[in-house]
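Accompanying notes for the structure given below.
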Amino acid sequence: MIRVFLAALLLIPTLLYGQNLQKATFAAGCFWCTEEAFDKLPGVVSTTSGYMGGQKKHPTYEEVSAGITGHAEVVQVVYDPAKLSYERLLEQFWLNHDPTVTNRQFCDAGSQYRPAIFYHSDEQKRLADASKAKWEKDKPFRQPIVTAIVPAGEFWPAEDYHQDYYKKNPTRYRFYVTGCGRYDRLDQLWGALRKK
């Protein structure tokens with residue numbers, strides 16, 4: 001029942017704001033943190049934490065976090081392209097994850113935390129490839145970029161208690177982010193670029 005409700009929530013922005021909305025899906029480690037990063041952008045209509053890239057239908061958090069389904073934790077972003085470009089979403093993605101590691105982000109390890117851009121169209125793939133190529137040339141760190149660019153698969157919304165976690169549980173969220181060293185590592189990697 002909850003999954004049906006969450007799926008219906010994904011349709012609400014399109015019904016309310018018209019048919020011109022687009023969606024983008026990113027895996028940048030913990031979906032709580034990824035959701036917060038994208039919610040900050042003007043033009044984002046909604047963000048939904050969930051799972052993509054695995055084999056099992058209707059995966060649960062327990063299954064995904066155990067690494068037995070092949071899914072990654074992702075955030076699906078619904079945005080208004082009249083106010084926000086896909087290129088700007090890509091920039092936000094790069095500056096909010098560690099692209100130098102696979103199957104890990106900060107203190108979270110396993111394939112469920114692998115970084116990836118899940119593209120929904122040929123145009124998104126083209127823009128994602130160009131964005132990755134730009135950062136491979138201009139990156140402020142020495143390590144190679146290993147973030148994957150892969151076709152989007154079926155999106156499964158995460159359980160309700162994961163949605164807007166950073167808003168619902170601000171103290172626990174801050175403790176988690178600080179304990180994981182997320183922002184320290186991002187600042188170390190990207191430096192002044194994160195202050196823009």
Query raised in the report: So if you build clusters from Ile, Leu, Val, Met, Phe, Trp, Tyr with side-chain heavy-atom gaps below 4.5 Å, do Val150 and Val146 land together?
Result: no
Report task. Could you tell me which residues satisfy side-chain contact (heavy atoms from CB on, under 4.5 Å) with Arg172, sequence neighbours excluded, listed by chain and number? Result -> Tyr165, Asn169
Query raised in the report: Is a side-chain N or O of Gln163 found less than 3.5 angstrom from the main chain of Gly50, in a donor-acceptor match?
Result: no
**Report entry** Sequence-distant partners of Thr25, side chain to side chain donor-acceptor pair (under 3.5 Å), two or more places apart
**Finding:** Gln76, His120
Requested in this report: List for me each residue that meets salt bridge (charged side-chain N to carboxylate O under 4.0 Å, His left out) alongside Glu87, sequence neighbours excluded, and say none if there are none.
Outcome: none
Query raised in the report: Do any pairs count as a ring pair (Phe, Tyr, Trp, His ring centres under 6.0 Å) and have a residue in residues 96-117, sequence neighbours left out, and if so which ones?
Result: Phe93-His97, Trp94-His97
**Report entry** Ser85 (side chain) donor-acceptor with Pro81 (main chain) under 3.5 angstrom
**Finding:** no
Query raised in the report: When you check the side-chain N and O atoms of Glu123 and Tyr86, is any donor under 3.5 Å from an acceptor?
Result: no
Requested in this report: Decide yes or no for Val177 and Cys33: does some side-chain heavy atom of the first lie under 4.5 Å from some side-chain heavy atom of the second?
Outcome: yes
Query raised in the report: What pairs with Lys167 under salt bridge (charged side-chain N to carboxylate O under 4.0 Å, His left out), at least two apart in sequence or on another chain?
Result: none
**Report entry** Side chain to side chain, Val45 and Leu21, heavy atoms closer than 4.5 Å
**Finding:** yes
Requested in this report: Using side chain to side chain donor-acceptor pair (under 3.5 Å) as the criterion, list what pairs up with Arg104, not counting sequence neighbours.
Outcome: none
Report task. Side-chain contact test, heavy atoms from C-beta onward, threshold under 4.5 Å: evaluate it for Phe31 versus Val74 and give yes or no. Result -> no
Query - Working for side chain to side chain donor-acceptor pair (under 3.5 Å), residues Arg194 and Asn96 - result: CA-CA 8 Å; Arg194 281 187 42 81; Asn96 281 281; 3.2 Å; yes
Query - Stepwise side chain to side chain donor-acceptor pair (under 3.5 Å) test for His162 and Trp32 - result: CA-CA 7 Å; His162 288 298; Trp32 300 340; 3.1 Å; yes
Report summary line: Between the CG atom in Asp184 and the CG atom in Leu189, the distance rounded to the nearest 0.5 Å is 11.0 Å
Query raised in the report: Can you check whether Gln55 reaches His71 side chain to side chain, under 4.5 Å on heavy atoms?
Result: no
Requested in this report: Group every Ile, Leu, Val, Met, Phe, Trp and Tyr by side-chain heavy-atom contacts under 4.5 Å, then state whether Val101 and Tyr183 land in the same group.
Outcome: no
Query raised in the report: salt bridge (charged side-chain N to carboxylate O under 4.0 Å, His left out): which pairs involve residues 40-68, sequence neighbours left out?
Result: Lys56-Glu63, Lys57-Glu154
Report task. Taking the side chain as every heavy atom from C-beta outward, state whether Tyr79 and Ser46 have any pair of such atoms under 4.5 Å apart. Result -> no
Report summary line: Per side-chain contact (heavy atoms from CB on, under 4.5 Å), Ser49 is matched among Glu35, Glu73, Glu159 by Glu35
Query - side chain to side chain donor-acceptor pair (under 3.5 Å) assessment of Gln112 paired with Tyr51 - result: CA-CA 9 Å; Gln112 65 272 32; Tyr51 316 110; over 6 Å; no
Report summary line: Value for CD (Gln188) from CG (Leu186), rounded to nearest 0.5 Å, stands at 10.0 Å
Query raised in the report: Can you list the residues that meet the side chain to side chain donor-acceptor pair (under 3.5 Å) rule with Asp129, with sequence neighbours excluded?
Result: Lys125
**Report entry** Same cluster (ILVMFWY, side-chain, under 4.5 Å), Ile145 and Leu95
**Finding:** yes
Report task. Evaluate whether atom CG of Asp122 has more than 12 neighbouring non-hydrogen atoms of other residues, nucleotides or ligands under 6.0 angstrom away. Result -> no
Requested in this report: Measure from the ring center of Phe38 to the ring center of Phe26 and say whether it is less than 6.0 Å.
Outcome: yes
**Report entry** Contacts of type side-chain contact (heavy atoms from CB on, under 4.5 Å), residue Ser65, not counting sequence neighbours
**Finding:** Tyr61
Report summary line: Sequence neighbours excluded, the answer for salt bridge (charged side-chain N to carboxylate O under 4.0 Å, His left out) partners of Arg185 is Asp98
Query raised in the report: What pair of heavy atoms forms the shortest contact from Phe118 to Ala152, and how long is it?
Result: CB-CA, 4.0 Å
**Report entry** Separation of Ser121 OG from Gln22 CD (nearest 0.5 Å)
**Finding:** 7.5 Å
Report task. Taking the side chain as every heavy atom from C-beta outward, state whether Tyr176 and Thr171 have any pair of such atoms under 4.5 Å apart. Result -> no
Requested in this report: Decide if atom NZ of Lys168 counts as having more than 12 heavy atoms of other residues, nucleotides or ligands within a radius under 6.0 Å.
Outcome: yes
Query raised in the report: Does Tyr166 have any side chain to side chain donor-acceptor pair (under 3.5 Å) partners at least two apart in sequence or in another chain, and if so, which?
Result: Asp39
Report task. Sequence neighbours left out, what passes side-chain contact (heavy atoms from CB on, under 4.5 Å) with Ser111? Give chain and number order. Result -> Asn103, Arg114
